[in-house]
Amino acid sequence: MIIVMLGPPGAGKGTQAELLAERLNLMHLSTGDVLREAVAQGTPLGRLAEPYMARGELVPDDVMIGLIKERLGKPDAARGVILDGFPRTLPQAQALNQALAQIGQKVDRVFYLRVPVDELLVRISGRYTCPRCGATYQRRQPRPGAEERCDACGAVLEQRPDDRIEVARRRLDVYFEQTAPLIEFYRSQGILVEINGMQSIEDVLKDELAALPAR
Ligand code: ADP
Ligand code: ADP
Ligand code: ZN
């Protein structure tokens with residue numbers, strides 16, 4: 001089973017992908033996480049991607065398509081994948097369909113998480129992640145000057161550099177220009193399911209589980 005999480009930055013794609021992957025025993029593949037890891041390790045991919053990410057722009061299609069093909073070919077992708085953050089452009093979506101067709105697969109479901117822009121900016125500004133265990137939190141009123149710590153492992157939480165408001169605004173513009181056309185692309189294939197992302201995390205998950213394709 002191949003599931004694509006579609007939606008603007010801050011909509012909850014990563015949060016839902018993680019929960020769905022656990023529930024359905026699928027691999028969670030977040031291209032943002034792969035790129036951040038590459039940046040942290042200073043690999044060639046990381047060095048290439050970093051300036052684009054810092055500006056809130058997209059890493060070039062050929063790089064992303066190469067990356068996703070490599071990951072989809074790995075054995076742990078065989079039982080199914082939840083794609084979080086890919087595809088983000090029409091060429092990426094077309095390349096994905098072609099790559100899947102070659103291995104006798106297809107995108108089975110696309111969950112489009114709908115959230116209004118003002119809430120996205122609030123969520124992005126309140127996003128804190130744990131550098132040790134990867135958990136993501138929403139801290140809307142951080143105590144000034146106080147460190148925010150991970151509930152799970154106690155590490156000091158971090159904010160993504162591209163979650164600063166100016167970069168976040170640019171990412172939203174890029175989303176509307178380059179990624180939003182995918183909504184119609186997948187709707188026309190009959191596999192898009194719109195989910196009201198303005199609900200609790202649990203209720204969003206419930207709606208997704210109710211809209212899975214029959215297996
Ligand atoms: P995306 O991967 O789409 O950018 P995330 O899953 O990282 O989004 O979520 C963005 C922020 O919003 C995180 O801080 C996350 O904890 C929080 N969040 C996720 N889902 C919800 C929700 N349903 N309601 C409120 N906050 C949420
Ligand atoms: P968000 O969770 O806010 O939607 P991501 O973590 O998915 O953001 O992505 C962070 C950044 O990584 C993007 O702003 C972009 O620079 C880069 N990136 C991630 N996925 C892709 C992709 N499929 N194509 C191009 N760039 C990407
Ligand atoms: Zn932690």
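Every number for a ligand or one of its atoms is a count from 1 in the order of the listing.
Taking atom 2 (O) of ligand 1 as the reference point, the nearest protein heavy-atom neighbour is Gly14 N, 2.9 Å. Of all protein heavy atoms, the one lying nearest to atom 19 (C) of ligand 1 is Thr15 OG1, 3.4 Å. Of all protein heavy atoms, the one closest to atom 15 (C) of ligand 2 is Glu57 O, 3.5 Å. Nearest protein heavy-atom contact of atom 20 (N) of ligand 2 is Thr31 OG1, 2.9 Å.
Around the Zn ion (ligand 3), the two atoms SG of Cys130 and SG of Cys133 are separated by an angle of 110°, to 10 degrees. Between the SG atom of Cys150 and the SG atom of Cys153, the angle taken at the Zn ion (ligand 3) works out to 110° after rounding to 10°.
Residue contacts with ligand 2 include Arg127, since one or more of its heavy atoms lies under 4.0 Å from the ligand.
In this structure, of Arg36, Arg171, Arg88, Met53, the residue bringing a heavy atom nearest to atom 4 (O) of ligand 2 is Arg88. In this structure, of Gln159, Arg139, Arg123, the residue bringing a heavy atom nearest to atom 26 (N) of ligand 1 is Arg123. Compare Gln92, Gln178, Arg160, Arg170 by their heavy atoms: the one nearest to atom 8 (O) of ligand 2 is in Arg160.
If you look at Gln199 next to ligand 1, the close heavy atoms, those under 4.0 Å, all belong to the backbone.
For ligand 2, none of its N or O atoms has an N or O atom of Met64 under 3.5 Å away. By the 3.5 Å distance cut-off applied to N or O atoms, Pro9 is not counted among the residues near ligand 1. On a distance-only criterion, Phe86 and ligand 2 share no N/O pair closer than 3.5 Å.
Numbered from 1 in the order shown, with element, the atoms of ligand 1 that lie under 4.0 Å from a heavy atom of Ala11 read 3 (O), 8 (O). The ligand atoms of ligand 1 that sit less than 4.0 angstrom from a heavy atom of Pro8 are 3 (O).
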